[in-house]
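Whatever order the structure lists ligands and atoms in, that order sets their numbers, starting from 1. A quick note: this is a predicted structure, and the numbers were derived from the prediction, not measured. Counting begins at 1 with the first residue of the sequence. No hydrogens, no waters, no symmetry mates; every other heavy atom, side chains included, goes into these values.
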Amino acid sequence: MKEKVLNGFEKVFGDKAGARCFFAPGRVNLIGEHTDYNGGHVFPCALTIGTYAAVKKRDDSLLRFYSLNFEDVGVIEVDLKEELKPVKERDWANYPLGIIWAFAERGMKIEKGFDIVLYGNIPNGSGLSSSASVEVLTGYILKELYGFKDVTNIDLALIGQFSENRFNGVNCGIMDQFAIAMGKVDSAIFLDTNTLKYEYTPVRLKNAKLVIACSNKKRGLGDSKYNERRAQCEEALKRIQTVKDVKTLGDLTEEEFESVRSAIGDPILEKRAKHAVYENRRTVKAVEYLMKDDIETFGKLMIDSDTSLREDYEVTGKELDTLVREALKVKGVIGSRMTGAGFGGCTVSIVKDEAVDEFIKSVGAAYKNEIGYDADFYTVNIGDGPKEI
Ligand code: GLA
């Protein structure tokens with residue numbers, strides 16, 4: 001991959017001498033979905049697939065971006081002397097630009113530009129956070145190239161979220177950027193999004209693998225119902241607060257929620273809040289089981305998570321539902337659920353080693369038959385956060 005981005009750099013920008021190469025992972029969330037903006041827990045991990053970059057500083061104020069994934073978009077040029085704001089024609093470059101803007105907002109303005117070539121082996125728009133990967137990668141590069149040594153990896157996560165919220169207009173939580181910036185090989189991150197306290201939990205799947213099934217139904221968070229779900233949860237919380245002193249939905253136990261849910265007074269909002277509360281508690285329990293090496297119960301809780309996302313949060317859709325339903329028919333599947341924002345994207349399943357081939361074959365065939373196009377499958381490994389390579 002390093003060769004690939006370096007060769008790309010040479011082809012597009014000429015001399016690659018002095019270019020430095022970096023990597024940031026993608027992420028998959030094992031459980032704890034749509035809890036991160038509700039003050040709940042999440043349990044994601046960084047992957048060994050991600051985004052690669054070759055980059056070289058310039059002596060003037062130009063930024064030149066090129067992606068080997070979007071070659072038809074060509075070179076995107078921006079002058080640092082202009083006021084940075086999202087511009088539709090700049091396409092994917094709005095993600096790195098958002099980070100440059102966010103650094104400046106925090107007093108870390110850069111004057112000299114750079115040339116950069118990116119290549120990602122995360123399927124784009126799949127729910128494995130290709131955009132957060134680009135954000136954290138850019139932040140890491142700025143830190144290394146411009147000497148912002150005090151910026152920690154947690155800062156990179158917060159800056160990534162800030163730019164996504166304020167520059168790119170998606171009201172996402174902290175999970176994706178945190179999982180990517182703080183990734184650790186073979187571990188998932190048990191993160192309390194209320195306090196940003198976190199713990200690494202080793203993921204020991206014994207004789208099983210993590211398999212991602214990508215629905216190939218494209219979605220962009222911006223045009224999805226993501227912001228609407230968030231607003232619904234905020235409204236439900238407001239109504240609960242009229243009868244109970246509570247700061248976030250993540251503060252409630254299931255019992256407490258049941259005792260106040262009638263205050264919400266709207267069946268849809270009630271379902272949304274129910275998911276947020278129960279999913280948070282489920283995540284805490286699931287991590288306890290994983291720590292006891294009880295993968296079976298962890299898998300069952302993944303399935304419960306999916307049911308709740310389908311029935312109460314309503315963020316799945318027929319593509320994801322088909323993938324999970326078919327997965328659960330395969331002997332040797334320990335757990336399966338949609339992962340990420342939903343509305344397309346991927347599922348994550350824990351599949352026994354001996355069942356992986358059968359899983360890919362039979363889920364793939366049933367999906368094609370029902371949906372009309374192929375799903376893609378990836379057996380993934382858990383990797384580290386951003387680094388120079
Ligand atoms: C997207 C967002 C995250 C999180 C998930 C759902 O990935 O970026 O912050 O809300 O959806 O769990």
Side-chain angles (χ1 to χ4, degrees), residues 24-47 95 98-99 122-136 154 156-183 188-194 196 198 212 214-215 218-234 248-250 272-273 275-280 282-283 286 301-302 305-306 308-310 312-317 320 337-348:
R27 70 97 187 87
V28 66
N29 188 23
L30 299 180
I31 194 162
E33 214 66 84
H34 288 282
T35 47
D36 66 344
Y37 50 85
N38 284 309
H41 293 78
V42 291
F43 195 50
C45 47
L47 299 172
Y95 290 107
I99 299 299
I122 317 170
N124 296 308
S126 63
L128 300 181
S129 285
S130 51
S131 45
S133 177
V134 170
E135 290 163 359
V136 172
I154 292 186
L156 291 181
L158 290 166
I159 291 172
Q161 183 199 19
F162 178 72
S163 81
E164 179 108 24
N165 292 171
R166 305 286 281 283
F167 196 84
N168 282 303
V170 179
N171 256 334
C172 67
I174 188 63
M175 170 170 76
D176 302 346
Q177 291 82 4
F178 199 97
I180 288 167
M182 299 296 289
I189 308 172
F190 181 46
L191 170 68
D192 179 345
T193 61
N194 233 342
L196 289 195
Y198 66 96
I212 308 273
C214 182
S215 70
K218 290 277 179 282
R219 50 148 201 95
L221 278 186
D223 20 290
S224 74
K225 300 247 175 221
Y226 185 89
N227 288 350
E228 180 191 294
R229 289 296 180 282
R230 186 168 181 156
Q232 288 170 330
C233 287
E234 278 161 13
T248 69
L249 292 174
R272 307 296 189 244
H275 168 78
V277 171
Y278 279 69
E279 178 73 354
N280 177 42
R282 191 160 32 239
T283 304
L301 292 169
M302 285 173 77
S305 162
D306 191 75
S308 176
L309 287 156
R310 185 177 65 246
D312 288 333
Y313 219 61
E314 297 181 282
V315 291
T316 56
L320 291 171
R337 57 183 290 276
M338 62 145 272
T339 183
F343 311 104
C346 292
T347 65
V348 56

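Those atoms of ligand 1 with a heavy atom of Y226 less than 4.0 angstrom away are 1 (C), 2 (C), 3 (C), 4 (C), 9 (O), 10 (O), 11 (O). Those atoms of ligand 1 that come under 4.0 Å of a heavy atom in Y37, given as number and element, are 10 (O). For ligand 1, the atoms sitting less than 4.0 Å from at least one non-hydrogen atom of C172 are 2 (C), 8 (O), 9 (O), numbered in the order shown with element in parentheses. Under a 4.0 Å criterion applied to the non-hydrogen atoms of M175, ligand 1 contributes the atoms 4 (C), 5 (C), 12 (O). Less than 4.0 angstrom separates some heavy atom of G173 from each of these atoms of ligand 1: 9 (O). Counting the atoms of ligand 1 from 1 in the order shown, those under 4.0 Å from a heavy atom of G340 are 6 (C), 11 (O).
Nearest heavy atoms, T339 versus E33: CA-OE1, 3.3 Å. Here the shortest heavy-atom pairing between N29 and P44 reads OD1-N, 3.2 Å.
N280 places a side-chain N or O within 3.5 Å of a backbone atom of H41 that can act as its donor or acceptor partner. Using modelled atom types, one side-chain atom of R27 and one backbone atom of G127 make a donor-acceptor pair closer than 3.5 Å.
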Report the C-alpha separation of T283 and V42 in whole Å, then their side-chain angles, then the decisive distance to 0.1 Å, and conclude whether the side chain to side chain contact (heavy atoms under 4.5 Å, CB included) test is met. CA-CA 7 Å; T283 304; V42 291; 5.8 Å; no

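Compare D176, N29, L128 by their heavy atoms: the one nearest to atom 8 (O) of ligand 1 is in D176. Between the choices V315, T35, D36, the shortest heavy-atom distance to atom 9 (O) of ligand 1 belongs to D36.
Within a 6.0 Å radius of CZ in R230, more than 12 heavy atoms belonging to other residues, nucleotides or ligands are found.
By the 3.5 Å distance cut-off applied to N or O atoms, I174 is not counted among the residues near ligand 1. Close N/O approach between S129 and ligand 1 is not found [any backbone or side-chain N/O within under 3.5 Å]. For ligand 1, the polar-atom distance check against H34 finds a nitrogen or oxygen pair separated by under 3.5 Å.
At a heavy-atom cutoff of 4.0 Å, ligand 1 is contacted by the side chain of R27 but not by its backbone.
The pair E314-R229 does not count as a salt bridge, with every side-chain nitrogen at least 4.0 angstrom from each carboxylate oxygen.
Annotation: side-chain hydrogen bond (donor to acceptor under 3.5 Å, both in side chains) contacts of N194 (sequence neighbours excluded): D251.
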